[in-house]
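Here is the structure we will look at.
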2 protein chains.
Amino acid sequence: MLRDESARSRRRIPGPTVARLPLYHRALSVMVERGITHVSSSELAGVVGVNPATLRRDLSRFGTYGTRGTGYEVPHLLARVDGALALDLDWPVAIVGIGNLGQALIHSRGFRSGGFRVAVLADVDPAVVGTMRDGIVVEHAERLPEACVREKVRIGVITTPASASQSVAENLVAAGVHSILNFAPVVLALPAGVTVRQVDLAAELQVLAFYHSRPAGGAVVPEAKGEAGTATIEISS
Amino acid sequence: MLRDESARSRRRIPGPTVARLPLYHRALSVMVERGITHVSSSELAGVVGVNPATLRRDLSRFGTYGTRGTGYEVPHLLARVDGALALDLDWPVAIVGIGNLGQALIHSRGFRSGGFRVAVLADVDPAVVGTMRDGIVVEHAERLPEACVREKVRIGVITTPASASQSVAENLVAAGVHSILNFAPVVLALPAGVTVRQVDLAAELQVLAFYHSRPAGGAVVPEAKGEAGTATIEISS
């Protein structure tokens, strides 16, 4: 664990670098699956959509440097990135709101990899509470706090209707869950010390509309690419 | 339409500014709903999670300047942002893959506002093809190209399994759809001139894990906030 501790003890990693780590994680995971053992910084930068200097600077913050000629060793680099993201730890997740989006997340690969595992499901619909999803019984939302404590949940995901999201978030916080991913279109009011990431599935549609309405260089090719606090990669344009 | 044309004719809007426009759009929409008529740049910046100077610079690119003392007029500013995003145009969308995620998107508010409307649905599952979702009959994916041409689809959303996504994307492009939002965990290979935005629902989980594993200042409070090419806002930390 020395590697991870050393990575984790580093201080003051800039937010934009943090936001790019999932992109590196994903690109490197695909390379490992394909048996690719080495990658140059420019190749990796091209896949991720950042410029190579940004990529080298990001990775150097975690003590990784490519070798001229051979580049980076892929499995080693993936381990460093995952260590930096703490994906080698166990991350029990609660999903509250077992509608279409909640079910989509339960079955998505990202929610069951890299240390993440769905540990608690909750809803208020009598037709859903008590049913089994992916080996887990859906609890009534009233019992969310005790379930979170029991399962040592560290991240709460809110996929409820907007009207329920604030009280669900408060219940999560009361149960000691201080990291929340909110898909409900509501700005949550929560105590300091709670980290909320808000996901807006329509934001990307709007960005597409912007570029679509400005063909042929109406906008700069997005430096946004990897400069992103983001769930997205701009692959081509 | 002078306003929109003038906004659209401006050149070289930086990608990070574009990526922040949906955040401004959402914050301002909430304010309009609540009857708020004026907002200062620092208030709006606080809601969105960017610094006020960034916000003022972004908005000035579209010719909007706040007034000292009263700030911005909310409905006017929203109209300018929407004009910049071309949300005043009609944006017929095709969703391919009517599983849980596809259904979640059909019903999400963002996919039926700001000019977006779901115009074509397609799948290959015989149990789904021919059924009605939200007033639209699900077509067989084989008939996707003709449906896209018929409905003048401008944006294609791919929510299929990974294995199907490349061929679906090619069918969309063949039907003249050059803007694609891809939720499948696959890097699509498409001709130049096609804009693909890749959405990874797990990336935000990974960012949460990063901050969670570094309590008490282990990382800079994310400048990522609005400096984002992003579907997310960091609200607090």
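Treat the numbers as computed from the prediction; the structure is a model and nothing was measured. Chain A is the first sequence line, chain B the second, and so forth, proteins listed ahead of strands; every chain is numbered from 1. Hydrogens, waters and symmetry mates play no part in the numbers below; they use all other heavy atoms, side chains included.
Side chains of A:Val186 and B:Val30 form no contact here, defined as non-hydrogen atoms less than 4.5 Å apart. Inter-residue side-chain proximity for A:Phe210 and B:Ile13 is flagged as met; some heavy-atom pair is nearer than 4.5 Å. Contact check for A:Leu101 versus B:Asn100: no side-chain heavy atoms found under the 4.5 Å cut-off.
Contact count against chain A (heavy-atom pairs under 4.5 Å) is highest for B:His25 among B:Arg109, B:His178, B:His25. For the options A:Gly115, A:Ala202, A:Ser179, heavy-atom pairs under 4.5 Å to chain B are most numerous at A:Ser179.
Atom CG of B:Leu205 sits about 11.0 Å away from atom CG of A:Leu85, to the nearest 0.5 Å. Note that the CD atom of B:Gln206 and the CD1 atom of A:Ile155 stand 10.0 Å from one another [nearest 0.5 Å]. Going from atom CZ of B:Arg197 over to atom OH of A:Tyr211 covers 6.5 Å, rounded to the nearest 0.5 Å. With values rounded to the nearest 0.5 angstrom, A:Arg26 atom CZ is found 4.5 Å from B:Gln198 atom CD.
For B:Ile180, the part lying near chain A is the backbone, with the side chain staying farther off; criterion is any non-hydrogen pair under 4.5 Å. Residue contact with chain A, scored on non-hydrogen atoms closer than 4.5 Å, involves the side chain of B:Phe116 exclusively.
Considering all non-hydrogen atoms of both residues, A:Ala86 and B:Ala209 come closest at CB-O, 4.4 Å.
Applying the salt bridge (charged side-chain N to carboxylate O under 4.0 Å, His left out) criterion to A:Asp58, with sequence neighbours excluded, gives A:Arg20.
Residue A:Val207 is tested with B:Leu181, B:Val18, B:Leu21 for a side-chain contact (heavy atoms from CB on, under 4.5 Å); the sole match is B:Val18.
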